[in-house]
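Here the structure comes first, spelled out in structure tokens, and everything after it is commentary.
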Amino acid sequence: MKKLTTRTLPLLVAAAALPACGGSAGDRHAALVDVAQAAARQSDRVSVEDLATWIIEGRQDFTLIDVRAADDFDKGHIGEAQNVTIARLLSEETLATLPTDRKIVVYSNGSENGAKAATLLRVAGLDAHVVTGGYNAWHARILNPDIPAEELDGESLQVSQQRAIACYFVGDRGAGSAERPEASFEPPVFELDEDIDDEPLPPMGAESC
């Protein structure tokens with residue numbers, strides 16, 4: 001017997017849920033094929049960097065769902081995410097509130113539970129996507145980007161973008177907030193100074209937004 005993996009488990013969970021989804025056997029088979037193809041193409045995944053960009057741009061073509069426990073959600077979550085645990089995800093009440101005219105983007109702490117939730121929603125007929133790495137990746141790469149010391153002078157475009165995104169979501173890092181959905185995006189501006197060679201670089205971590 002083949003060993004179950006975290007990649008096959010979401011599909012098995014979805015298959016177990018199929019009888020409750022209604023429709024003919026052919027429809028249910030087509031739904032599973034669609035889910036499997038999306039997983040193979042990785043078209044059902046959203047990186048935390050892409051999600052951050054979507055939020056900053058104010059895109060309205062997706063709904064963000066946090067499937068973690070309420071305690072974890074209260075400690076910190078992404079943007080204006082709704083908290084719906086996996087246990088309640090496919091209830092008639094929940095499904096009735098989820099939009100069918102936009103993407104449903106789901107996340108958990110890591111990738112596994114988020115992938116299960118996205119798979120179940122796709123089988124139910126919704127355009128669901130999973131945030132790769134979940135809130136752990138969001139916390140590490142968006143809220144607290146690990147910028148190498150040699151790039152802290154701000155000359156790297158990628159570093160400038162990382163700082164700008166982190167500043168948008170955490171501000172001056174002293175307010176303790178992980179979300180600023182109403183904030184206006186103002187990327188940092190690096191001005192050249194004629195006497196810059198005569199000035200020492202700021203100590204690591206001294207720069208702010």
Side-chain angles (χ1 to χ4, degrees), residues 4-52 54-55 59-143 169 178-179 181:
L4 296 181
T5 68
T6 56
R7 293 184 179 181
T8 58
L9 183 58
L11 292 178
L12 293 178
V13 172
L18 282 175
C21 295
S24 67
D27 291 339
R28 294 195 294 270
H29 176 73
L32 268 184
V33 170
D34 176 67
V35 170
Q37 291 179 344
R41 294 191 305 266
Q42 299 186 7
S43 59
D44 60 347
R45 304 180 188 182
V46 177
S47 71
V48 291
E49 290 81 8
D50 284 343
L51 178 58
W54 294 356
I55 294 174
R59 285 178 50 168
Q60 302 296 314
D61 61 345
F62 71 98
T63 294
L64 190 59
I65 303 292
D66 184 319
V67 298
R68 299 177 300 159
D71 288 346
D72 289 337
F73 180 84
D74 291 339
K75 291 176 183 176
H77 54 272
I78 302 174
E80 297 181 329
Q82 305 172 33
N83 185 211
V84 182
T85 62
I86 292 181
R88 296 189 294 114
L89 198 58
L90 290 186
S91 68
E92 292 185 5
E93 180 181 358
T94 298
L95 288 176
T97 65
L98 296 179
T100 57
D101 59 346
R102 67 190 71 177
K103 290 188 286 289
I104 307 294
V105 179
V106 300
Y107 71 90
S108 186
N109 281 320
S111 293
E112 183 174 347
N113 284 339
K116 292 176 184 178
T119 300
L120 290 170
L121 290 175
R122 289 184 72 87
V123 171
L126 296 171
D127 184 15
H129 302 254
V130 58
V131 178
T132 306
Y135 189 78
N136 292 340
W138 177 269
H139 186 272
R141 286 159 35 198
I142 301 302
L143 304 186
F169 287 102
E179 50 180 318

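Thr85 contributes no side-chain N or O that, together with a main-chain N or O of Val67, makes up a donor-acceptor pair within less than 3.5 Å. With hydrogens and angles ignored, the 3.5 Å screen pairs no side-chain donor or acceptor of Thr94 with any backbone N or O of Leu90.
Taking NE2 of His129 as the reference point, atom CG of Leu64 lies at 12.5 Å (rounded to 0.5 Å). How far CG of Asn83 is from CD1 of Ile65: 9.0 Å, rounded to the nearest 0.5 Å. Separation of atoms CG (Asn113) and CD1 (Ile86) is listed at 4.0 Å; rounding is to 0.5 Å. Here the straight-line distance linking atom CG of Asn136 with atom CG of Asn109 works out to 5.0 Å at 0.5 Å rounding. Separation of atoms CD (Gln82) and CG (Leu98) is listed at 7.0 Å; rounding is to 0.5 Å. Taken from CG in Asp127 to CG in Leu121, the straight-line distance is 10.5 Å, to the nearest 0.5 Å.
Considering only heavy atoms from C-beta on, Asp44 comes within 4.5 Å of Arg122 through its side chain. Within the 4.5 Å cutoff, the side chain of Arg88 has no heavy atoms near those of the Glu93 side chain. In this structure the side chain of Leu126 never reaches within 4.5 angstrom of the side chain of Pro99, judged on heavy atoms. Thr132 is not listed as a side-chain neighbour of Ser47, based on a closest heavy-atom distance of 4.5 Å or more. Ile78 places none of its side-chain heavy atoms less than 4.5 Å from the side chain of Phe169.
Between Tyr135 and His139, the ring planes are tilted. Angles from 30° to 60° get that label.
Note: Phe62 and Trp54 meet the aromatic proximity criterion, with ring centroids under 6.0 Å apart.
Considering every non-hydrogen atom in both Ala128 and Ala118, the closest pair reads CB-O, 3.5 Å. Across all non-hydrogen atoms, the minimal contact from Ser111 to Gly133 is OG-N, 2.7 Å. Between Gly114 and Val130, the shortest heavy-atom contact is C-CG2, 3.4 Å.
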Yes or no on side chain to side chain contact (heavy atoms under 4.5 Å, CB included) for Tyr107 and Asp66, after CA distance, side-chain angles and deciding distance?
CA-CA 5 Å; Tyr107 71 90; Asp66 184 319; 2.6 Å; yes
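For residues 96-105, the side-chain hydrogen bond (donor to acceptor under 3.5 Å, both in side chains) pairs, not counting sequence neighbours, are Asp61-Lys103.
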